[in-house]
Trainee: 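A single structure is presented below for examination.
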There are 2 protein chains.
Amino acid sequence: MPNPFVQKLGRYASLSDEDTRLLESACRDTRRTAARRDLIREGDPPGPVFVMLEGWACRYKLMREGGRQVLALLMPGDFCDMHVAVLDEMDHSIGTLTPALYTEIPRERMETLIASSPALTRAFWIAQLVDEGVLRAWIVSMGRRDSTERLAHLMCELYIRARNVGLCIDGHCEMPLTQIVIADALGLTPVHVNRVLRKLKVAGAMELGRGTLHIRDVESLARIAGFDDNYLHRRLKLAA
Amino acid sequence: MPNPFVQKLGRYASLSDEDTRLLESACRDTRRTAARRDLIREGDPPGPVFVMLEGWACRYKLMREGGRQVLALLMPGDFCDMHVAVLDEMDHSIGTLTPALYTEIPRERMETLIASSPALTRAFWIAQLVDEGVLRAWIVSMGRRDSTERLAHLMCELYIRARNVGLCIDGHCEMPLTQIVIADALGLTPVHVNRVLRKLKVAGAMELGRGTLHIRDVESLARIAGFDDNYLHRRLKLAA
DNA sequence: CTGGCGCATTGACCTGGGTTATCGAAAAAT
DNA sequence: ATTTTTCGATAACCCAGGTCAATGCGCCAG
């Protein structure tokens, strides 16, 4: 099966065979973890760059009173923090949501990679900018969308991102998120996420269950969400 | 008066005289604008890097139904989007909040700057990572803090950032934000921002009026906010 | 095969913050 | 100087989403 890291970066710049080879060889040394394991914790000194190859993870921050806010969902192909190494300590944690396969690319290796080809440099920059765009889109969602729009918007985003790395087959894809994780990501309670999911199911827009997302009516879902994919910087071809 | 751009980057790496000179000369060519002018709009092709020298601006996104969400507040010393030029179009707008003085640094110039010294490279990376940290902190605020904590948290952040570039004098600083802008930033309504401001004033924590922020009791404000400055990647010395 | 635990589901009730409206005071425009 | 616009301050009312509580299901460990 194709390397999702290569697949993702390949969307942002046309990679030569040599670029591809470099990326693949940087992923040679893989590790497996169980679900709910932290790869790195808030306060830790930043380590290598993590690249997700299988399974999902998330960035998150724990609150004093015990709640948590998920800051980003990481799926295969996603990587974290090209440059964090220059910071003194992590300001958030990263943990797996499912059993996962990932690579750690040491900082020097990463720099060599970036320096080795203009296409790779460009691809990494774009990936970074898209990640920032996603952060901003989350802020927009939390600030100005109600719970239904918010959930629909997140599902549109995740669906497109998953499709970009080949994780979807016409209208449904693997999405191993519990309602609790979704609630932690959207700033809602699990109870309310459940209510909204029911509503979206009844509306015939989408269904989420048993780790799988089924998009029932893309148009309708995108309309509910007020979804515009410009922040992902690719043309929206949901119907494809 | 000192160049806030130099001042800001100087916090992140020790700049040689040569570095300082380079930065200052990149700011030679300045422009003035009135308040409420867009520097660039969503959908526009990305242009040069903007560096704020005087006055405030914000990144924002307009909603279909007319609302807007402020995504970041830019004060003197802040700059935007080192690498946006690689993207096809802007996914949000940037507009001034006050009359402003700023510089536009063309992309090539920016690249020369970054390439010209390891200290500058490092400083730009850190600035970028801190900006991302701020985005994440906003997500945490919107997801998990109530309106009072949220407003207090934003004021702590802005106070520290303003102090970093020399805009504060013991406990008060210029902060030309209307309650409407604050509401747009926090995902609240202006009416409610007003209520919360009154509450914080009565509590003796802070006062915001006539474009000026007065911190009345730092400890109390930070406690209300649940503020931890680790995401700004500098030691918190609010009392200094 | 069974007990336990995390997750999903649902109901009843409550509250933080939204909505709408009004008024006076600044500030900006002419 | 005066008109116009924007901003801040408050009050009355309402609802989206939180809170609390109870139940059931599926899965894994023993």
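A note on names: the letters A, B, ... follow the listed sequences, proteins ahead of strands, and every chain is numbered from 1. Side chains included, hydrogens not; waters and symmetry mates left out as well; all remaining heavy atoms used.
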Trainee: Give the rounded distance in Å between these two atoms: CG of B:Leu200 and P of D:dA9.
Mentor: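 The distance from CG of B:Leu200 to P of D:dA9 comes to 13 Å, rounded to the nearest Å.
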Trainee: Tell me the interatomic distance from A:Arg144, atom CZ, to C:dG18, atom C1', rounded to whole angstroms.
Mentor: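 Spelled out: CZ on A:Arg144 to C1' on C:dG18 is 11 Å.
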Trainee: So if I take every side-chain heavy atom of A:Asn194 and compare against D:dT19, C:dA8, D:dA11, which nucleotide ends up nearest?
Mentor: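 Taking heavy atoms from C-beta onward, the closest nucleotide is C:dA8.
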Trainee: Within the 4.0 Å heavy-atom criterion, would you say B:Arg150 contacts the bases, only the backbone, or no part of the nucleic acid?
Mentor: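 Since no nucleic acid heavy atom lies under 4.0 Å of B:Arg150, the category is nothing.
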Trainee: Between the side chain of A:Glu207 and the main-chain N/O of A:Ile215, is any donor-acceptor distance below 3.5 Å?
Mentor: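 No, the answer is negative, given that no donor and acceptor are paired below the 3.5 Å cut-off.
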Trainee: Between B:Asp91 and A:Asn230, which heavy-atom pair has the shortest distance, and what is it?
Mentor: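 Looking at all heavy atoms of both residues, the shortest contact is CA-ND2, 4.0 Å.
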Trainee: B:Leu188 near the nucleic acid: base, sugar-phosphate alone, or nothing, with a heavy-atom cut-off under 4.0 Å?
Mentor: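 Since only primed, P, OP1 and OP2 atoms lie under 4.0 Å of B:Leu188, the category is sugar-phosphate.
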Trainee: On a plain distance test, is the side chain of B:Arg198 in donor-acceptor contact with the base of D:dG8 below 3.5 Å?
Mentor: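 Side chain to base: no pair below 3.5 Å.
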Trainee: Once you round it to whole Å, what is the distance between P of D:dG18 and CG of A:Asp184?
Mentor: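 Computing the A:Asp184:CG to D:dG18:P distance gives 12 Å.
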Trainee: With nearest nucleotides of DNA chain D determined for A:Ser147 and B:Val191 from heavy-atom distances, which residue corresponds to the more 5′ nucleotide?
Mentor: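 With A:Ser147 and B:Val191 compared, the 5'-side residue is B:Val191.
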Trainee: How long is the span from the OG1 atom in A:Thr96 to the CE atom in A:Met52, to the nearest 0.5 Å?
Mentor: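 These two atoms lie 7.0 Å from each other.
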Trainee: I want to verify a distance call: between D:dC7, C:dC7, D:dG18, whose nearest atom is closest to the B:Ile180 side chain?
Mentor: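 Of D:dC7, C:dC7, D:dG18, D:dC7 is nearest to the side chain of B:Ile180.
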Trainee: Looking at A:Thr189, I'd like to know whether one of its side-chain N or O atoms comes within less than 4.0 Å of OP1 or OP2 on D:dG17.
Mentor: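 Negative; the distance criterion is not met.
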Trainee: Hey, does A:Arg195 reach any base, or is it just sugar-phosphate, or nothing, if we go heavy atoms under 4.0 Å?
Mentor: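 Since a base atom lies under 4.0 Å of A:Arg195, the category is base.
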Trainee: Calculate the interatomic distance between A:Glu207 atom CD and C:dA8 atom C1'; express it in whole Å.
Mentor: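 So the two atoms are 14 Å apart, to the nearest Å.
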Trainee: Let me know the distance between CG of A:Asp146 and P of C:dG17, rounded to the nearest Å.
Mentor: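 Answer to the nearest Å: 17 Å.
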Trainee: What is the distance from CG of B:Leu177 to C1' of D:dG8, rounded to the nearest Å?
Mentor: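 Distance check: B:Leu177 CG to D:dG8 C1' gives 15 Å.
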Trainee: Nearest-Å distance, CD (B:Gln179) to C1' (C:dA26)?
Mentor: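 Computing the B:Gln179:CD to C:dA26:C1' distance gives 13 Å.
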Trainee: At under 4.0 Å between heavy atoms, what does B:Thr178 touch on the DNA or RNA strands: base, sugar-phosphate, or nothing?
Mentor: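 Answer is sugar-phosphate: B:Thr178 comes under 4.0 Å of backbone atoms only.
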Trainee: Would you indicate what B:Gly187 reaches in the nucleic acid, counting non-hydrogen atoms under 4.0 angstrom: base, sugar-phosphate, or nothing?
Mentor: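 Result for B:Gly187 = sugar-phosphate.
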Trainee: Using distance alone, with no hydrogens and no angle criterion, decide if B:Arg150 and B:His153 have a side-chain donor and acceptor under 3.5 Å apart.
Mentor: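 Per modelled atom types, B:Arg150 and B:His153 side chains form no pair under 3.5 Å.
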Trainee: Please state whether the phosphate of C:dA27, meaning OP1 or OP2, lies under 4.0 angstrom from any side-chain nitrogen or oxygen of B:Arg210.
Mentor: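 Answer is yes, contact under 4.0 Å.
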Trainee: Think B:Arg36 has a side-chain N or O under 4.0 angstrom from the OP1 or OP2 of D:dC7?
Mentor: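 Yes, B:Arg36 has a side-chain N/O under 4.0 Å of OP1/OP2 on D:dC7.
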Trainee: Expressed in angstrom and rounded to an integer, what is the separation of B:His192 atom NE2 from D:dA11 atom C1'?
Mentor: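 It works out to 15 Å between those atoms.
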Trainee: Charged N to carboxylate O below 4.0 Å: is that the case for B:Arg223 and B:Glu219?
Mentor: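 Judged by the 4.0 Å cut-off on N to carboxylate O distance, B:Arg223 and B:Glu219 do not form a salt bridge.
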